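Order of the sequence lines sets the chain letters (A, B, ...), proteins ahead of strands, with each chain counted from 1. In this text, all values refer to a predicted model and were calculated from it rather than measured experimentally. Atoms considered below: every heavy atom in the structure, side chains included; atoms not considered: hydrogens, waters and symmetry mates.
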Number of protein chains: 2
Amino acid sequence: MVARMQSRTSASRTGRPRSAEADAAILVATRAALVELGWSGLTLGNVATRAGVAKTTLYRRWAGKNELVVDAVAALFDELELPDRGTLAADIEGVVLQFAAILARPEAQSGLMAVLAESTRDAALRERIRTSVVDRQKRLVLEGRARAQVRGELPPETDPSTAARTVDLIFDMVAGAVVHRTLVSAEPVDQPWVQSFTRVLLLGLAGAAAPS
Amino acid sequence: MVARMQSRTSASRTGRPRSAEADAAILVATRAALVELGWSGLTLGNVATRAGVAKTTLYRRWAGKNELVVDAVAALFDELELPDRGTLAADIEGVVLQFAAILARPEAQSGLMAVLAESTRDAALRERIRTSVVDRQKRLVLEGRARAQVRGELPPETDPSTAARTVDLIFDMVAGAVVHRTLVSAEPVDQPWVQSFTRVLLLGLAGAAAPS
DNA sequence: CGCTTTCGCTACGAGCCGTAGCGTAACTGT
DNA sequence: ACAGTTACGCTACGGCTCGTAGCGAAAGCG
């Protein structure tokens, strides 16, 4: 999923290769442990046992609990794609529902929040989360915006720096609202909510682009 | 701050009363430990030492780390108030900046996120967070909306259930965007960002209230 | 067949957890 | 003043997880 640790160069030359099956089994076991035990209950020893792997093998590949969980949770976002439903509103609704479906899973909830909490004191961890989780989500905003500009649903960008700020704003508004509703308000992100949200967001963006 | 544990009735009748100074010292020590050690590094033994209190005293008042940190962090939100700056936009900007200032503090970041992660598997903890942290923020949205309706900046509510849904939507959008920008994007919630955000939000709400 | 790296296993000191037990301190009612 | 009740500080404890070290065996490569 991500460049993790590597002995030397891109293809480690000699010696016994690392088991790819073990890698996959560990990530599966990590997600299962997150579901059953939560973040605080998850121990590397437990994960190792579930995966049918020695505890030392875990420590050879990951620096600790934080990094392991980031990789395990990041894989959940692989399925995230930008649909093409014809209109910007429909595209947004589709992505938001996909995103919400992932966030509804218990391993994503406990794992993501906990690792985000740890990242506030660990710059390397924050960077790891950014590249393997956040940026992949952000790209969807970028693509959706470009597609809407081609359709004429959004005005083309003028200044590249203001465009970047707008994308950041949209991203924080979309992802923030979904995360907050799911994890703080603890209420479902269902069709009616998504429609209301999309309506407010798009009207706001259209109005903000036009002169006041 | 919150009804916590109580021996019998409202006024514990007899025996030595609990030290209020100890209570305050413990919460201060908890926040300090969050800043210096983060969530994972915080231990109840350490907090007890900092507060000049025995470890057993901690366990007599709080069930564990989760509950203690909730109370310690909840106190940060006591200062949150709704200013009256004349316009809805200015009121929102004021509240958002206050909220962002609290979230910028390291004890709020690591503490809140971690305890939120734990709350996904603990209904009682989630409820505790809701009453002592979330609802207090939500009330500001309610008050601000009512004030704006008096001013004529927002249409009066028609159906009470749709009004409640709208308030929930606004709350998730505001709090979600601020939290996401602060903790996930790890970028500052400063004046220009708040103005852009408020502009998009208000135009969206105005447009959504009007017929399409 | 040597060389290298990974793997599973065992064992270890260290640290924290949450509780129990004790004697003492503080406050209340008679 | 005195018993009754509750909170406090302190010490000690078994149990658990941590992260590492050391070993022999397995799995590739030249």
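Atoms CD and CG, from B/Glu127 and B/Asp135 in turn, are 8.0 Å apart once rounded to the nearest 0.5 Å. Expressed to the nearest 0.5 Å, how far CD of B/Gln137 lies from CZ of B/Phe77 amounts to 5.0 Å. Between atom CD of residue B/Glu79 and atom CD of residue B/Glu81 there is a gap of 9.0 Å, rounded to the nearest 0.5 Å. Within the model, atoms CZ of B/Arg145 and CG of B/Leu205 stand 8.0 Å from one another, a figure rounded to the nearest 0.5 Å.
Panel note: side chain A/Ser19, backbone A/Ala22; a donor-acceptor pair is recorded below 3.5 Å. A donor-acceptor pair under 3.5 Å is formed between the side chain of A/Arg136 and the backbone N or O of A/Ser132. Judged by distance alone, the side chain of B/Thr49 and the main-chain N or O of B/Gly45 form a donor-acceptor pair under 3.5 Å.
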Where protein sits on nucleotides 25-30 of chain C, one letter per nucleotide: B base, S sugar-phosphate only, - none, heavy atoms under 4.0 Å: BBBS--
Contact letters for nucleotides 10-17 of chain D, in which S counts primed atoms plus P, OP1 and OP2 and B counts the base, heavy atoms under 4.0 Å: B------S
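Closest non-hydrogen pair, B/Arg121 versus A/Gly38, comes out as CD-CA, 3.0 Å.
At the phosphate of C/dC7, neither OP1 nor OP2 sits under 4.0 Å from any side-chain N or O atom of A/Ser19.
A/Glu36 has a carboxylate O that lies under 4.0 Å from a charged side-chain N of A/Arg50, or vice versa, which qualifies the two as a salt bridge. Ion pairing of B/Asp23 with B/Arg18 is absent here, as no side-chain N (NZ or NE/NH1/NH2) approaches a carboxylate O to less than 4.0 Å.
Per the geometry, CG belonging to B/Leu58 stands 12 Å off C1' belonging to D/dG9, to the nearest Å. Rounded to an integer number of Å, the gap from CZ of B/Arg18 to C1' of D/dC8 is 11 Å. Put simply, CZ on B/Arg61 is 18 Å from C1' on C/dG18, counting in whole angstrom units. If you take OH of A/Tyr59 and P of D/dG22, they are 18 Å apart, rounded to a whole angstrom. Taking atom CH2 on B/Trp62 and atom P on D/dA7, their separation rounds to 14 Å, with Å as the unit. Computed from coordinates, the A/Glu21 CD to C/dC7 P distance equals 11 Å when rounded to whole Å.
When each of B/Thr30, B/Asp71, B/Thr57 is tested with B/Trp62 by the rule side-chain hydrogen bond (donor to acceptor under 3.5 Å, both in side chains), just one qualifies, namely B/Asp71.
Direction of the helix axis in the helix from C/dC1-D/dG30 to C/dT30-D/dA1 shifts by 20° between the two five-pair termini, rounded to 10°.
Across all strands shown, B/Gly41 has no heavy atoms under 4.0 Å from either base or sugar-phosphate atoms.
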